[in-house]
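Beneath this line is the structure, given in structure tokens, with notes to follow.
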Amino acid sequence: MALESPRVRFAPAPSGYLHVGSARSALFNWLFAKRFSGTFILRIEDTNADLAKPEFYQAITTPLEWLGLRWDEGPFYQSERTEKYIEAVANLIDSKLAYCCECTREEIDTRNKETGFQGGYDGYCRNREVSDGPGITIRFMTPKTGIVEIDDLVRGKVEFQNSELEDFVIRRGNGTPVFLVANAVDDADMRITHVIRGEDLLNTTPKVILLWEALDFGKPPKYAHLPLLVGDDRKKLSKRRHSVALSDFRNQGILPEAMTNYLALLGWGPPDEKEIRPIQEMIDLFDLENVNKSPAFFDEKKLRHINGEYIRALPPEDFVTLAISYFEETDWQPTNLNRQALAILAPDLQERTEILADLKPLVYWIFEENIPEETNEKELKKIGKAMQSEKVAEVLDLVITQLKDCSWDENSIGEVISGVGETLSAKSQVPVRIAVTGRRIGLPLYKPMAILERSLIIQRLIDARSKLA
RNA sequence: GCCCCGUUCGUCUAGCGGCCUAGGACGCCACCCUCUCAAGGUGGUAGCACGGGUUCAAAUCCCGUACGGGGUACCA
């Protein structure tokens, strides 16, 4: 399909953190570039100086790097290329394809109200020869007839009547050009061959193409509009409505590989339906023509599942390294963190970890001196009700006695606890677990118990026992 | 309102006229395994929006209707 190697761009506006919808667009561009040995360009669309804040730039690059989506060229900043756009606007004015307009929004609205005109701007200044100056906007002279036809790689043929398009603003009253001009100029300048972006931009495409033709840029790039990512309300993912910052997922312990894997599955699927696979295989199979047309729901449950698969597939040593660096980056630094203990428990932990944030409750009792008391007491009482507290007390008493002089290893500990259960015909494991870990559920008990000091375990059992009295 | 796009299990998808009594995955439910919880295994649940065509044959093609979404800015 692509004879020459394609050049694509990811062109976000710096308006806060990067969210998963943008990340998906970036990923598809990247996949496409990789698939056809093309070039992936990062371009920051900060034509609107009011919105673009410097700290937002990193908010784009950091998550992209985290995901492993390296760009080959850029980042280019449109704010640094303003002259080019101004020049383009001037060209359009010279060739009578654009004109100065002094109308304010209010004036336009008032006129439209009176005349009942519904097509946006009414063309009031089209032939008024308004001269340029402060506060004057430039509008493109949209052809009154004809159509713009887009052969969208995802959607097929899409047609827009020129008569439906208003004379849109291409330069603001403050002299800065809008993104439509910047888009056309940059895509031409950077020799972009394929524009891959969200469907929310589909309606702006005819305007850019009209500008493109008016500027005599030759053959426009091919377009591919991806289905939108939506939230549980079925509306476009937005920062306002949904919590979708890439950095949040990172903080929760989503692995970048899992994230890209999941994102690749939204709006597209490998033909053989094998969903979880290395990114290289995704690249080899990727094809824009198989991208779906309908919006995709961003399903965090499935993301978590995929993440769990990735975590389980990790070699234990890698998992340990990952867990340690995760702890370093996040809010909880285990006091007695012990790499060796982590290594011993790694396989058991991996099975129970969907996201890295799941680790804290699993290992808290192992790496901290004290377990949360409230939990401990509450849980004990709960189990006490089910089993009768005397029984629980009996179990703990006997376990304490026997644990004091058994040999201190996984098997012996297990034998003691299950032995007590048998002699008292009670469930012994759960009360001990609560006493020692503070929780009713968790890792298989005996292995991590053996890692800790006997004295510490005994002490916790005694503490718990005393709360029952 | 107008323009544009879309519609296969709750969700993501396979399907590009006969292989479909519609397949997979997530979720959910049950059972097995089991020191709790997981993981794993087995089974189950549930879908072609509707109405007309075209055709020997339609989830697949065409036209309507309904519903959903996007856009409609001196945001991108």
Side-chain angles (χ1 to χ4, degrees), chain A residues 11-15 45-48 50-52 78 101 103-105 108 118-121 135-139 150 152 154-156 158-161 163-166 168-180 182-183 197-206 225 227-228 230 232 234-236 262 265-276 289-290 292-306 308-309 312 347-354 358 361-362 413-414 417-418 421 427-434 437 439-447:
Chain A
S15 59
E45 306 229 320
D46 54 352
T47 57
N48 186 352
D50 296 346
L51 295 179
Q78 291 190 326
C101 168
C103 301
T104 63
R105 187 71 248 170
I108 298 166
Q118 296 217 319
Y121 182 65
I136 299 297
T137 63
I138 309 292
R139 288 182 183 272
I150 298 160
D152 193 282
V154 171
R155 270 147 228 288
V158 183
E159 289 180 353
F160 294 88
Q161 299 288 330
S163 54
E164 297 289 345
L165 267 24
E166 65 177 341
F168 52 92
V169 169
I170 57 177
R171 197 205 69 189
R172 303 184 184 92
N174 66 5
T176 59
V178 303
F179 86 106
L180 295 164
N183 245 263
R197 34 128 76 153
E199 197 199 341
D200 50 345
L201 275 325
L202 181 54
N203 288 298
T204 68
T205 309
H225 287 94
L228 255 17
V230 297
D232 52 11
R234 285 267 131 198
K235 289 189 193 304
K236 176 170 87 157
Y262 176 61
L265 261 21
L266 254 24
W268 179 76
D272 59 5
E273 298 199 71
K274 186 182 157 199
E275 295 189 322
I276 299 177
E289 278 159 27
N290 287 330
N292 286 121
K293 297 175 180 66
S294 42
F297 171 69
F298 184 81
D299 185 358
E300 228 174 298
K301 282 200 176 136
K302 185 145 185 177
L303 202 214
R304 291 173 72 106
H305 173 261
I306 290 174
E309 296 260 16
R312 264 173 269 133
D348 287 338
L349 286 169
Q350 285 172 270
E351 258 171 30
R352 274 153 265 257
T353 308
E354 263 194 330
D358 293 338
L362 285 172
I413 293 170
I417 294 171
S418 55
K427 293 208 178 222
S428 54
Q429 190 254 145
V430 180
V432 173
R433 174 182 293 279
I434 293 168
T437 74
R439 305 178 75 234
R440 206 169 54 245
I441 56 171
L443 253 17
L445 234 202
Y446 314 139
K447 199 192 280 182

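In what follows, chains carry the letters A, B, and so on, assigned in the order in which the sequence lines appear, proteins first and then strands, with residues in each chain numbered from 1. Note that the structure is predicted; figures quoted are calculated from it, not measured.
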Check this one for me: any side-chain N or O of [X] less than 4.0 Å away from OP1 or OP2 of [N]?
| X | N | answer |
| --- | --- | --- |
| A:Arg155 | B:G70 | no |
| A:Asn292 | B:A14 | yes |
| A:Arg312 | B:G40 | yes |
| A:Lys235 | B:G69 | yes |
| A:Lys293 | B:G69 | no |
| A:Arg139 | B:C74 | yes |

In whole angstrom, give me the gap between the [atom1] atoms of [N] and [M].
| N | M | atom1 | value |
| --- | --- | --- | --- |
| B:G6 | B:A46 | P | 31 Å |
| B:G24 | B:C31 | C1' | 23 Å |
| B:G52 | B:A58 | C1' | 14 Å |
| B:G17 | B:C62 | P | 12 Å |
| B:U54 | B:G15 | P | 29 Å |
| B:A14 | B:C61 | P | 14 Å |
| B:G27 | B:C63 | P | 40 Å |
| B:C33 | B:C9 | P | 36 Å |

If I compare all heavy atoms of [X] with all of [Y], which pair ends up nearest, and what's the gap?
| X | Y | result |
| --- | --- | --- |
| A:Val178 | A:Thr47 | C-OG1, 4.4 Å |
| A:Gly120 | A:Ile108 | O-CG2, 4.1 Å |
| A:Ala296 | A:Gly267 | CB-N, 4.3 Å |
| A:Arg433 | A:Arg440 | CD-O, 3.0 Å |
| A:Pro227 | A:Ser294 | CB-O, 3.2 Å |

Can you tell me the Watson-Crick or wobble partner of [N], both distances under 3.5 angstrom?
| N | result |
| --- | --- |
| B:U42 | B:A30 |
| B:C67 | B:G6 |
| B:U60 | none |
| B:A14 | none |
| B:G1 | B:U72 |
| B:C19 | none |

Taking any heavy-atom pair under 4.0 Å as a contact, classify [X]: base, sugar-phosphate, or nothing.
| X | result |
| --- | --- |
| A:Gln350 | nothing |
| A:Leu303 | nothing |
| A:Gly120 | nothing |
| A:Glu45 | sugar-phosphate |
| A:Gly267 | sugar-phosphate |
| A:Thr176 | nothing |
| A:Arg105 | sugar-phosphate |
| A:Leu165 | nothing |
| A:Gly173 | base |
| A:Arg197 | nothing |
| A:Cys101 | nothing |
| A:Pro444 | base |
| A:Leu445 | base |
| A:Phe160 | sugar-phosphate |

Between [X] ([atom1]) and [N] ([atom2]), how many Å, whole number?
| X | N | atom1 | atom2 | answer |
| --- | --- | --- | --- | --- |
| A:Glu275 | B:U11 | CD | C1' | 11 Å |
| A:Leu180 | B:G71 | CG | C1' | 13 Å |
| A:Asn203 | B:G6 | CG | P | 12 Å |
| A:Asp46 | B:A76 | CG | C1' | 11 Å |
| A:Ile150 | B:C3 | CD1 | P | 16 Å |
| A:Trp268 | B:C12 | CH2 | C1' | 13 Å |
| A:Glu273 | B:G24 | CD | C1' | 5 Å |
| A:Glu164 | B:C5 | CD | C1' | 15 Å |

Nearest to side-chain heavy atoms of [X], which nucleotide of [options]:
| X | options | result |
| --- | --- | --- |
| A:Phe297 | B:G6, B:U11, B:G71 | B:U11 |
| A:Lys302 | B:U13, B:C12, B:C16 | B:C12 |
| A:Lys301 | B:C26, B:G69, B:G71 | B:C26 |
| A:Arg234 | B:C12, B:G70, B:G27 | B:C12 |
| A:Val169 | B:C12, B:C74, B:G69 | B:C74 |

Practice prompt. Apply the test side chain to side chain contact (heavy atoms under 4.5 Å, CB included) to residues A:Thr204 and A:Phe179: give CA-CA distance (whole Å), side-chain angles for both, the deciding distance (0.1 Å), then the verdict.
Written response: CA-CA 10 Å; A:Thr204 68; A:Phe179 86 106; 4.0 Å; yes
Item to complete: Would you kindly compare A:Arg352 and A:Ser294 by the position of their nearest RNA chain B nucleotide and give the one closer to the 5′ end?
Response: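 Per heavy-atom nearest nucleotide, the more 5' residue is A:Ser294.
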Worksheet item: More 5' along RNA chain B: A:Asp200 or A:Arg171, using each one's nearest nucleotide?
Response: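 Checking each residue's closest nucleotide, the 5'-ward one belongs to A:Asp200.
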Worksheet item: Under 3.5 Å, side chain of A:Tyr262 to main-chain N/O of A:Asp299, donor-acceptor pair present?
Response: yes
Item to complete: Report the C-alpha separation of A:Thr205 and A:Val158 in whole Å, then their side-chain angles, then the decisive distance to 0.1 Å, and conclude whether the side chain to side chain contact (heavy atoms under 4.5 Å, CB included) test is met.
Response: CA-CA 10 Å; A:Thr205 309; A:Val158 183; over 6 Å; no
Worksheet item: Side chains of A:Arg172 and A:Thr176: donor-acceptor distance under 3.5 Å anywhere?
Response: yes
Worksheet item: Is any NZ, NE, NH1 or NH2 atom of the basic residue among A:Lys236 and A:Glu199 found under 4.0 Å from an Asp or Glu carboxylate oxygen of the other?
Response: no
